[in-house]
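Notes to accompany the following structure.
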Amino acid sequence: MLARARREAATTAAQAVTTAARRRALAGLLAATGALAPGRAGAAEPVLVEFHYTPVPDVQLAIWLEDRDGKHALDVLVTQATGKYGIGNRPGRWDFLSSWRAPYGPRPSVLPIWAHRTGQTYPRVIFFDEEPLDLESLGWHENSSTAENYFCIPLTPAEHETVVVDTMTCPSPKNFSTDKGRFDPEGGTSVYPPRNDLMVFDAMLDSQDAKQYAALNELDSVTAATPVGDREEFTAFLIPAEVVARGPLTARVEVSRERDQNESYTFDREDDHYVDPRLSTYGIEYLGQPSVLYEVRFDPNERGFTGTTRYSGYGDWDGATGTIHPRDATISEAGGSGGDRLRTMTKNGDTFRWGVFSYGEDGLDGGDSDGDGWQGSCELRELPAIEDLQAEVVDFDRVRLTFVVPRQDDPEFRPARLKIRHVTGEDVTWTPEVFDGAYEVPPIDPTTLPPLGQPTTVEVAQLWGDYTYQFAVLYEDSCTNRSPIATVAATTTAQKFQTVDSFCFVATAAFGAPWAAQVAALRAFRDAWLKPSATGADLVRFYYAHSPPLARVIAGEPLLRGLARVVLQPVADAARLATTAGGA
């Protein structure tokens, strides 16, 4: 909520006539929104800080501030998979195997220090599927599954490598669905939030609990895409006055990375993870070295830089507690592993892995640089909007955006960040809240942008086929000023082939599960012809209730699978003809 107050206050303050007026307006708005304690509007003012780091690829990280007493004061940034898509609190066993965007299995070891120190707890999410034999399975949950907009079907190790290296695209939600879960009826809790991206719900197949996830997870304004990796990053943040008054502050960042093993933390796919016996070829190991913590203490009111080249400790390997274990020889410190998940970098003469620069109490006043190599000061101001935003569909999973970042009054101006986000749907009203809650495209390196006033082209990948996307683009300067949101819509082409197993009960068991056209035809017939009618919905409900046990028997008996194929093949052919004719 403080981060949201920061954004709203900064946006309004930018409309003031003078710099001094902007600062007074900002402090007043922070006080009005509760970010500034009563009676302290004149005692402290917001302070701009920058967090600098160079992460390796494929990390999850959280940045937060703690006050002089070591208490969690403010979240600054949480990567999307944890902060938005709830990988720390989702259905299934914690030791399920992983793969690219696998949908099940909470990851308590992802960021345990941050999660425990926030002081927040949430209801534990478990499968909505109540079939006991399905609770320890990567699949077989279709009786409680609906279209999935982010996670992908579990992959075999070979498929995982192919997807990650070559495509980074998984099948459309029109071909794959997931169990969104429900709250643990026994009152179990988690220190991680559930996902908050769900907007459409199926009254028949989704738990009512799923509608409450978004209200519980308030991290929208601080979530961000996973960094590309091996590239200098910085996060600029306006610390509210109430938090400044609790200084000196400690800036902490916790970083984790799946499969980051070494001699001290070696895990085996078969022995240390749970292998689903019915889908034993799916999934890869994810366990590895625990998360590592870097921290620096600084006074936000004092202009200056503070950095460190050493990680200060690490979390539990299984995320059981928020304990900070002191550095020791069990954690690697080279090759992008362990303590080297943040690379050593040099900036303005300082060498560090984790660094914080504070503009100090006069940082928003304007003025000259102190000659320390860092920007002299900041001014809250309006930025002109992006111009001529257009979208071109390149393929079923890619859209090319073209736009112009306009010239500025300052000839030396360069954008500090370019942000592109998207949601699916035909009708979206883009507000700052919707923008912060949308999926963020991996960040664009601003140094690669063409000169201001010239067209910029960015290709957005990892999309779904045959979906309408609403894109929003803005840029920020190094003082966190944002341009207005520019928007455009595009509908991708249909995916021409299906590349994943659909776990469709009897049909999947009969046709061997992997990527069967018959299964896709039967699912399309279900969605197009059965579910829209009351009678068809009753038939679907009956099928979901009674077919899983039969499917489990068929899957293990070659003779029964053959008989089922004989029965289902003409049904699948008829379904294919019906859906083809219906779409003509």
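Count residues from 1 along the sequence. Any value given below was found using the heavy atoms of this structure, including those in side chains, with hydrogens, waters and symmetry copies removed.
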Minimum heavy-atom separation for Arg417 and Ser478, please, with both atom names. NH2-CA, 4.1 Å

Run the salt-bridge test on Arg252 and Glu254 with the 4.0 Å N-O cut-off and return the result as yes or no. no

Any chance the rings of Phe183 and Tyr213 have centres within less than 6.0 Å? yes

Point-to-point distance, once rounded to the nearest 0.5 Å, from OG1 of Thr402 to CG of Leu389: 8.5 Å

Side-chain donor-acceptor pair under 3.5 Å between Ser109 and Tyr286, yes or no? no

Closest non-hydrogen contact found for Pro290 with Gly315 is CB-O, 3.1 Å

Donor-acceptor pair, side chain of Asp395 and main chain of Arg398, under 3.5 angstrom: no

For Leu65 against Ile239, the heavy-atom pair lying closest together: CD1-CD1, 3.8 Å

Grab the two heavy atoms, one from Asp206 and one from Thr146, that are nearest each other, plus how far apart they are. OD1-OG1, 2.9 Å

Ion pair check, Asp260 and Arg341, cut-off under 4.0 Å: yes

Between Glu232 and Arg353, is the closest basic N to carboxylate O distance under 4.0 Å? no

4.5 Å side-chain heavy-atom contact, Cys152 and Trp100: yes

Between Ser256 and Val110, is there a donor-acceptor pair closer than 3.5 Å when you use the side chain of the first and the backbone of the second? yes

Would you confirm whether Glu233, through its side chain, and Pro55, through its main-chain N or O, come within 3.5 Å as a donor-acceptor pair? no

So, taking the atom named NE2 in His116 and the one named CG in Leu111, what distance separates them when rounded to the nearest 0.5 Å? 12.0 Å

Distance-only, no hydrogens or angles: does the Thr431 side chain make a donor-acceptor pair with backbone N or O of Val434 under 3.5 Å? yes

Heavy-atom pair of closest approach, residues Pro108 and Tyr192: O-OH, 2.8 Å

Is the backbone N or O of Ala147 less than 3.5 Å from a side-chain atom of Ser177, with the two atoms forming a donor-acceptor pair by type? no

Phe357-Phe234 aromatic ring centre distance below 6.0 Å: no

To the nearest 0.5 Å, tell me how far Ile113 CD1 sits from Glu295 CD. 9.0 Å

Is the shortest side-chain heavy-atom distance between Asp230 and Pro57 below 4.5 Å? yes

Member of Tyr467, Phe471, Trp464, Trp430 meeting the ring-ring contact (aromatic ring centres under 6.0 Å, His included) criterion with His422: Phe471

For the backbone of Pro194 and the side chain of Asn217, can you confirm whether one donor and one acceptor N or O come within less than 3.5 Å of each other? yes

Regarding Arg414 and Gln408, do their side chains bring together a donor and an acceptor under 3.5 Å, going by distance alone? no

With side chain to side chain contact (heavy atoms under 4.5 Å, CB included) as the test, would you mind laying out the steps for Leu401 and Val473 before giving the verdict? CA-CA 9 Å; Leu401 300 180; Val473 184; 4.2 Å; yes

Quick one: CD on Glu218 to CG on Leu216, what's the gap to the nearest 0.5 Å? 8.5 Å

Pair Phe403-Val458, side chain to side chain contact (heavy atoms under 4.5 Å, CB included): steps then yes or no: CA-CA 9 Å; Phe403 53 89; Val458 176; 4.2 Å; yes

Is the distance between the ring centroids of Tyr104 and His141 less than 6.0 Å? yes

Check whether any side-chain N or O of Asn89 sits under 3.5 Å from a backbone N or O of Val125 as a donor-acceptor pair, and report yes or no. yes

Any salt bridge linking Asp209 with Arg182? Criterion: basic side-chain nitrogen under 4.0 Å from a carboxylate oxygen. no

Taking atom types as modelled, find out whether Ser144 and Asp179 have a side-chain donor-acceptor pair closer than 3.5 angstrom. yes

Please check if any side-chain donor atom of Ser207 sits under 3.5 Å from a side-chain acceptor atom of Lys180, or the reverse. no

Would you call Arg195 and Glu148 a salt bridge, taking side-chain N to carboxylate O under 4.0 Å as the test? yes

Given Leu77, which of Val253, Thr223, Thr235 fulfils the side chain to side chain contact (heavy atoms under 4.5 Å, CB included) condition? Thr235

Would you give the length of the straight line joining atom CD of Glu459 to atom CD1 of Ile420, rounded to the nearest 0.5 angstrom? 11.5 Å

Is there a donor-acceptor pair closer than 3.5 Å between any side-chain N or O of Gln80 and the backbone N or O of Glu440? yes

Pair Ser221, Asp436: side-chain N/O donor-acceptor within cut-off below 3.5 Å: no

I'd like to know whether the aromatic ring centres of Phe51 and Trp354 sit less than 6.0 Å apart in this structure. yes

When you check the gap from the basic side-chain N to the acidic O, do Lys419 and Glu476 get nearer than 4.0 Å? yes

Does the side chain of Thr79 come under 3.5 Å of the side chain of Gln60 through a donor N or O and an acceptor N or O? yes

Take atom CG of Asp409 as the centre, draw a 6.0 Å sphere, and report whether it contains more than 12 heavy atoms from other residues, nucleotides or ligands. no

Looking at Arg407, I'd like to know if its CZ atom is crowded, meaning that more than 12 non-hydrogen atoms belonging to other residues, nucleotides or ligands lie closer than 6.0 Å. no

Whether Arg90 engages the ring of Phe151 as a cation-pi pair (distance to the six-membered ring centre under 6.0 angstrom, angle to the ring normal within 45°) should be assessed. yes

Rounded to the nearest 0.5 Å, how far does CG of Asp445 lie from OG1 of Thr447? 3.0 Å

Say whether Asn196 and Asp220, considering side chains only, have a donor N or O and an acceptor N or O under 3.5 Å apart. yes

Please confirm whether the backbone N or O of Thr480 pairs with a side-chain atom of Asp477, one donor and one acceptor, at under 3.5 Å? yes

Minimal non-hydrogen separation, Thr491 against Val393, with atom names: O-CG2, 3.3 Å

Salt-bridge test for Arg117 and Glu66: reply yes if a basic N is under 4.0 Å from a carboxylate O, no otherwise. yes

Distance-only, no hydrogens or angles: does the Arg482 side chain make a donor-acceptor pair with backbone N or O of Leu474 under 3.5 Å? no

I want to check something: taking the side chain as every heavy atom from C-beta on, are Leu452 and Phe413 in contact at a cut-off of under 4.5 Å? yes

